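Please read all numbers here as calculations on a predicted model, not as lab measurements.
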Amino acid sequence: MIMSRIEAPRDEVTGNLVDRLLSALPAEAVLADPDVTVSYANDMASFCPAGTPAVVVLPRTVQQVQHVMRVATELRVPVVPQGARTGLSGAANASDGCIVLSLTKMDRILEINPVDRIAVVEPGVVNATLSRAVNELGLYYPPDPSSWEMCTIGGNIGTASGGLCCVKYGVTAEYVLGLDVVLADGRLMSTGRRTAKGVAGYDMTRLFVGSEGSLGIVVQATLALRPKPPEQLVLAAEFASGAAACDAVCRIMEGGHVPSLLELMDRTTVKAVNDLAHMGLPETTEALLLAAFDTTDPAADLAAVGALCEAAGASQVVPADDAAESELLLQARRLSLTALEAVKGTTMIDDVCVPRSRLGELFEGTERIAEKHQLTIGVVAHAGDGNTHPTVCFDAADPDESRRARESFDEIMALGLELGGTITGEHGVGVLKKEWLAREIGPVGVEMQRAVKGVFDPLGILNPGKLF
């Protein structure tokens with residue numbers, strides 16, 4: 001939600017904060033003009049309140065980040081870390097009087113090592129930039145969120161991002177080998193390793209992945225790479241119902257197939273993509289399933305999966321002839337969320353993940369919720385993971401429609417938990433899902449997580465108000 005601009009007066013407290021920051025930072029790294037700082041107030045989530053930052057800092061070095069945290073600790077000022085602000089949970093939203101610590105200027109790829117198959121990067125490196133750099137050396141960094149052309153590695157780590165290829169290659173957490181983290185008091189801590197193996201002590205690296213900047217500031221990451229796979233080929237299968245498409249997903253996974261991608265778009269999403277980009281997708285279908293393989297013989301794999309789709313009731317199965325046609329189909333999938341935003345102007349993007357065997361029930365339940373609230377809800381899913389993105393389309397200027405949108409969003413999360421799932425598969429908790437995190441993990445879980453935060457952030461200055 002875009003907040004209206006609130007003038008932040010340069011009072012004595014703010015002035016002292018700025019002066020202390022400038023004692024070891026260049027002037028261009030410290031932004032205090034309210035007309036500028038307000039643009040850093042929030043990420044892309046709806047219904048998430050955002051405060052007015054006192055100052056925005058754009059460091060370029062680890063030492064500068066350490067200075068910011070020492071000043072923040074001394075003055076008891078909250079710090080909100082940010083990347084590209086493409087997040088969808090409000091995890092990067094500012095709090096009143098905070099320091100927004102934007103890490104986008106720390107954007108160097110420090111090392112790519114083909115022998116050890118690792119990359120060492122700063123947090124502001126854009127996902128697509130890293131992917132292209134390692135591809136040139138015959139390597140592959142698999143995590144690929146839909147916002148990969150904009151989102152940063154630091155943001156991906158903070159929210160434990162996923163992407164289209166997770167069904168075969170896994171999520172961000174599986175590629176983070178080690179981290180350099182600036183703690184709340186300014187100390188620098190290193191976790192993890194550069195080696196293929198390593199089990200020394202508690203897995204502190206995994207603790208920071210998905211912590212949404214609440215435990216420390218990631219300033220460097222050592223990432224695992226894989227050999228670059230062959231070009232993938234994609235198959236598109238049309239179904240007369242979402243349930244039939246979900247049945248096909250279950251058949252594919254039960255059959256032992258390992259697609260590099262298995263994505264599902266419902267009728268509403270397909271129509272929205274056609275309306276936006278005129279891509280000629282089949283609007284007569286109720287559900288469109290995309291399956292891809294990057295094996296040595298992808299055509300044979302697609303033929304086997306195509307037969308399973310037909311057995312599940314597919315009305316048409318069309319394998320792509322080449323990489324260009326495959327990329328066109330994938331582009332349609334990547335446009336899904338942008339296209340749904342254009343339906344009504346505002347969206348709430350849910351992120352419910354359920355066991356694959358319950359995927360059809362989630363699709364059917366979401367359709368009932370849409371009918372109940374008289375709303376357009378498009379569903380796009382990383383079907384191979386059971387990770388769905390029911391997207392509520394609404395007019396933010398209509399109070400009643402906004403209310404119904406929020407109620408439907410909550411009902412979808414409740415449905416996901418009832419089906420044995422989780423409230424978020426890759427977007428994180430942030431502000432948007434704080435209450436739901438407590439429902440999912442229970443009071444003992446919340447108590448333990450708060451205790452962990454207390455160890456790393458005893459003053460509670462790191463991204464306050466997020467997670468719980």
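Atom CG of Leu262 and atom SG of Cys166 lie 12.5 Å apart (nearest 0.5 Å). To the nearest 0.5 Å, atoms OG (Ser147) and CG (Leu337) are separated by 9.5 Å. Leu362 CG to Glu418 CD: the interatomic distance, rounded to the nearest 0.5 Å, is 10.5 Å. Note that CG of Asp185 and CD of Gln66 are 9.5 Å apart. Values are rounded to the nearest 0.5 Å. How far CG of Leu281 is from CG of Leu328: 8.0 Å, rounded to the nearest 0.5 Å. Put simply, CG on Leu207 and CD on Gln449 are 9.0 Å apart, with the number rounded to the nearest 0.5 Å.
Counting heavy atoms from C-beta outward, Ser408 and Ile377 have side chains that approach closer than 4.5 Å. Residues Val55 and Val30 are in side-chain contact: their nearest non-hydrogen atoms beyond the backbone lie under 4.5 Å apart. Put simply, the side chain of Leu130 reaches to within 4.5 Å of the side chain of Ile109, judged on heavy atoms. For the pair Leu261/Cys165, no side-chain contact is recorded, criterion being any heavy-atom separation below 4.5 Å from C-beta on. Within the 4.5 Å cutoff, side-chain heavy atoms of Leu359 are placed close to those of Thr388. With a 4.5 Å cut-off on side-chain heavy atoms, Arg20 and His67 do not count as touching. Within the 4.5 Å cutoff, the side chain of Ile461 has heavy atoms near those of the Met69 side chain. Within the 4.5 Å cutoff, the side chain of Gln64 has heavy atoms near those of the Pro26 side chain.
Residues Phe394 and Phe409 place their aromatic rings such that the two centres sit no closer than 6.0 Å. In summary, the aromatic rings of Tyr169 and Tyr140 are positioned with their centroids under 6.0 Å apart.
Judged by distance alone, the side chains of His373 and Glu411 do bring a donor and an acceptor atom under 3.5 Å apart. A side-chain donor from one of Thr422 and Glu440 sits under 3.5 Å from a side-chain acceptor of the other. With 3.5 Å as the limit, one finds no donor-acceptor pair spanning the side chains of Lys271 and Asn274. Checking Trp436 against Asp410 by side-chain atom types alone, a donor-acceptor pair falls below 3.5 Å. No donor-acceptor contact under 3.5 angstrom links the side chains of Glu426 and Ser161, judged on distance only. For the residue pair Thr172/Asn156, the side-chain donor-acceptor check at 3.5 Å is not satisfied. Residues Asn127 and Asp144 have side chains that never bring a donor and an acceptor to within less than 3.5 angstrom of each other.
A pairwise comparison of heavy atoms in Val446 and Ile441 identifies N-CD1, 3.6 Å as the closest pair. The two residues Leu375 and Glu401 make their nearest non-hydrogen contact at CD2-CG, 3.7 Å. Listed here is the closest heavy atom pair of Asp43 and Leu88: OD2-N, 4.3 Å. Residues Ala245 and Leu264 approach most closely at CB-CD1, 3.6 Å, considering heavy atoms. Residues Ser241 and Ala244 come closest through the heavy atom pair OG-N, 3.0 Å. Considering all non-hydrogen atoms of both residues, Gln220 and Pro123 come closest at N-CD, 4.3 Å.
Here the side chain of Thr152 pairs a donor or acceptor atom with the backbone of Gly155 at under 3.5 angstrom. Under the 3.5 Å distance criterion, the side-chain polar atoms of Thr285 are matched with a main-chain donor or acceptor of Ala287. Of the possible donor and acceptor atoms, one in the side chain of Gln82 sits under 3.5 Å from a partner among the backbone N and O of Tyr40. In this structure, the side chain of Thr205 engages the main chain of Gly192 through a donor-acceptor pair within 3.5 Å. Without hydrogens or angle criteria, Lys433 side chain to His427 main chain gives no donor-acceptor distance under 3.5 Å. In this structure a side-chain-to-backbone donor-acceptor pair under 3.5 Å is missing from Thr191 to Met204. Remark: the backbone N or O of Cys309 is not paired with any side-chain donor or acceptor of Arg251 at under 3.5 angstrom. In this structure, Thr73 contributes its side chain and Ala184 its backbone to a donor-acceptor pair below 3.5 Å. With Lys466 contributing its side chain and Ala91 its backbone, the two residues share a donor-acceptor pair below 3.5 Å. Checking side-chain atoms of Asp457 against main-chain N and O of Gly216 turns up no donor-acceptor pair under 3.5 Å.
A salt bridge links Glu122 to Arg108: at least one charged side-chain nitrogen sits closer than 4.0 Å to a carboxylate oxygen. For Glu149 and Arg132, the salt-bridge test passes: some basic side-chain N is under 4.0 Å from an acidic carboxylate O. A salt bridge links Glu286 to Arg267: at least one charged side-chain nitrogen sits closer than 4.0 Å to a carboxylate oxygen. Under the 4.0 Å criterion applied to side-chain N and carboxylate O atoms, Glu361 and Arg358 are assigned as salt-bridge partners. With salt bridges taken as basic N to acidic carboxylate O contacts below 4.0 Å, one links Arg403 and Glu407.
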- Query: Given Asp398 and Lys344, is the salt bridge (Lys or Arg N to Asp or Glu O under 4.0 Å) satisfied, shown in steps?
  - Reply: CA-CA 11 Å; Asp398 183 332; Lys344 282 272 192 168; over 6 Å; no
- Query: Going through the distances and angles, do Arg206 and Val176 end up as a side chain to side chain contact (heavy atoms under 4.5 Å, CB included)?
  - Reply: CA-CA 8 Å; Arg206 279 287 186 117; Val176 183; over 6 Å; no
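Within a 6.0 Å sphere centred on CZ of Arg334, other residues, nucleotides and ligands contribute more than 12 heavy atoms. Heavy-atom neighbours of Lys434 NZ from other residues, nucleotides or ligands within 6.0 Å: above the threshold of 12. Residue-environment remark: CZ (Arg187) stays at or below the threshold of 12 foreign heavy atoms within 6.0 Å. The neighbour count for Glu435 CD, taken as heavy atoms of other residues, nucleotides or ligands under 6.0 Å away, does not exceed 12.
For the pairing with Val343, the side chain to side chain contact (heavy atoms under 4.5 Å, CB included) check across Thr376, Thr268, Asp275 returns one residue only, Thr376. When each of Thr269, Val380, Val234 is paired with Arg333, the side chain to side chain contact (heavy atoms under 4.5 Å, CB included) condition holds for Val380 and for no other. Across Leu188, Val62, Asp180, Leu101, a single residue satisfies side chain to side chain contact (heavy atoms under 4.5 Å, CB included) together with Ile217, and that is Leu101.
Note: Phe208 and Phe456 have perpendicular aromatic rings, judged against thresholds of 30 and 60 degrees for the angle between ring planes.
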